[in-house]
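Here is the structure we will look at.
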Amino acid sequence: MVNGDTILLTAPVSLDGESDATYRAPNLIRRLISLFKNVRPGSDLTRFQLPPLFNMPKSQLQCYAEPVYCVGIDMLSMCTKAESALERFVSVVAWSISTTRPLIFGVAPFNPILGETHHVSRGTLNVLLEQVSHHPPVSALHATDEKENIELIWCQYAVPKFYGASVEAEVNGDRQLRLLKLGENYVMNSPRLLIRFLPVPCADWTGTVRIRCQETGLEAELCYRGNPFLGWRSNYRSIKGKIYDSSSSKTIYEIDGHWDRTVSMKDINSGKLSIIYNAKEVLAGLKTPIVNDPKEVWPSESAVVWSEVSQGIMNQEWEKAREAKTRIEEKEREGLRERKSRGETWVPKHFKLFSRKEGGWDCLPIQNFVPPAPIVLPL
């Protein structure tokens, strides 16, 4: 406990789209339609607050972080072990695919409150996230592994919009993977989130992910396909793309497969096929983080902030969950009013937030390395 508050950690979302053995998403299709009946098509949903019945028992910060530290096979450290630049790039592509996790239709994580953090360690990899802005909602991630000389810097802000029969969310911002010893920086974006209500309810990742390394001149394009409009599943969760030399635009490898099964790579010159990603191996036996040192857990930790709401959801005590969530949201609104009356603006604790000239946001960590966390993932 932290100052009397419970620390509640739930299992990561598994390959079959479940989050915890004690939690099952309710059947919400009819209620979802009722919920959105007064939302106009094209509406910006960034300020829309869901009741707990529509939440899963974890924060969006945790959902951003879990693909980094919750893995069965450490594909991130493999990126530094390949000998050639091309082999390293293939490893980065495979790792990027591994960060794609199933979605649970009908429920969504909590919108993080301003200043909320999530701090977890897996071995020598230390991961820290902070909600650096609330309107617009911007989340920052910094992860370092001093043993493997790896650094991750992410700045993400989703912009969801309602289109009558669906909700689409562009996950804006760059993800950077830095191999420090090699001086290589890989920059990539995120796939787009699509939630469709009719004719076949589904939640999928779609769109094109681009990965580039300026130092080597290598780039990749990965096209994610969701559930087809009429529900035919031949291309469900499929991924197609290529790895190419940006200076000549010459394709080196073709990528094909399904991100929840296997993804293969074909050498254009030799025709040789090889498996670069196997979801069942990488995402098998995912473990739940544990608290190693309760006294060192920050009050801003997601597992503390949302513990009472999460417990109410898992126990299906919806009124208790609603009251707890209302208290959190009202406390945040009160803080905003107080800062406004004093003429103050919020300053993130762990990151610097910048607006881009072309629009959007960038984040830079204040510290060079993330310290070990009091919450750890068992190895």
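Note that the structure is predicted; figures quoted are calculated from it, not measured. In this chain, numbering begins with 1 at the start of the sequence shown.
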Spacing of [X] atom [atom1] and [Y] atom [atom2] [to the nearest 0.5 Å]:
X: I375; Y: H119; atom1: CD1; atom2: NE2; value: 9.0 Å
X: R225; Y: T208; atom1: CZ; atom2: OG1; value: 10.0 Å
X: D74; Y: T124; atom1: CG; atom2: OG1; value: 8.0 Å
X: S310; Y: K325; atom1: OG; atom2: NZ; value: 10.5 Å
X: E254; Y: I268; atom1: CD; atom2: CD1; value: 3.5 Å
X: I239; Y: D260; atom1: CD1; atom2: CG; value: 10.5 Å

Worksheet item: Considering residues at least two apart in sequence or located in another chain, which fulfil the side-chain contact (heavy atoms from CB on, under 4.5 Å) criterion with Y253?
Response: L86, V90, I243, M265, D267
Practice prompt. Give me the one residue out of T80, V93, L179 that meets side-chain contact (heavy atoms from CB on, under 4.5 Å) with R88.
Written response: L179
Response to the item:
Which of S59, S139, S302 passes side-chain contact (heavy atoms from CB on, under 4.5 Å) with Q131? It is S139
Can you find a heavy atom in the side chain of [X] that is under 4.5 Å from one in the side chain of [Y]?
X: R122; Y: V71; result: yes
X: L283; Y: R101; result: yes
X: H142; Y: T144; result: yes
X: W361; Y: S133; result: no
X: I255; Y: V263; result: yes
X: P137; Y: N111; result: no
X: C63; Y: V13; result: no
X: E87; Y: F89; result: no

Worksheet item: Hydrophobic clusters join Ile, Leu, Val, Met, Phe, Trp and Tyr when side-chain heavy atoms are under 4.5 Å apart, directly or via other members; which others share one with L114?
Response: W346
Worksheet item: When clusters are formed from ILVMFWY side-chain contacts under 4.5 Å, directly or step by step, what else is grouped with V376?
Response: I290
Fill in: NZ/K250: more than 12 non-hydrogen atoms of other groups inside 6.0 Å
no
Discussion item. Is it the case that over 12 heavy atoms from other parts of the model lie below 6.0 angstrom from the CD atom of E319?
Written reply: yes
Do [X] and [Y] have a side chain donor and acceptor closer than 3.5 Å?
X: D256; Y: S264; answer: no
X: N315; Y: K320; answer: no
X: D204; Y: T206; answer: no
X: W306; Y: E116; answer: yes
X: T99; Y: R175; answer: yes

Discussion item. Between K161 and E168, does any NZ, NE, NH1 or NH2 come within less than 4.0 Å of an OD or OE carboxylate oxygen?
Written reply: no
Worksheet entry | Residues E330, R327: salt bridge by 4.0 Å N-O rule | no
Worksheet item: Can you list every pair that meets salt bridge (charged side-chain N to carboxylate O under 4.0 Å, His left out) and has a residue in residues 367-379, with sequence neighbours left out?
Response: none
Worksheet item: side-chain contact (heavy atoms from CB on, under 4.5 Å) between W205 and L103: does it pass, once the steps are laid out?
Response: CA-CA 8 Å; W205 295 110; L103 301 162; 3.5 Å; yes
Item to complete: Assess whether side-chain contact (heavy atoms from CB on, under 4.5 Å) is satisfied between R356 and D174, documenting all intermediate values.
Response: CA-CA 12 Å; R356 292 178 172 180; D174 287 335; 2.8 Å; yes
Discussion item. Listing request: all side-chain hydrogen bond (donor to acceptor under 3.5 Å, both in side chains) pairs with a residue in residues 210-224, at least two apart in sequence or in separate chains.
Written reply: T100-Y224, E219-Y244
Discussion item. Test: ring pair (Phe, Tyr, Trp, His ring centres under 6.0 Å). Region: residues 56-76. Which pairs qualify, not counting sequence neighbours?
Written reply: Y69-H118
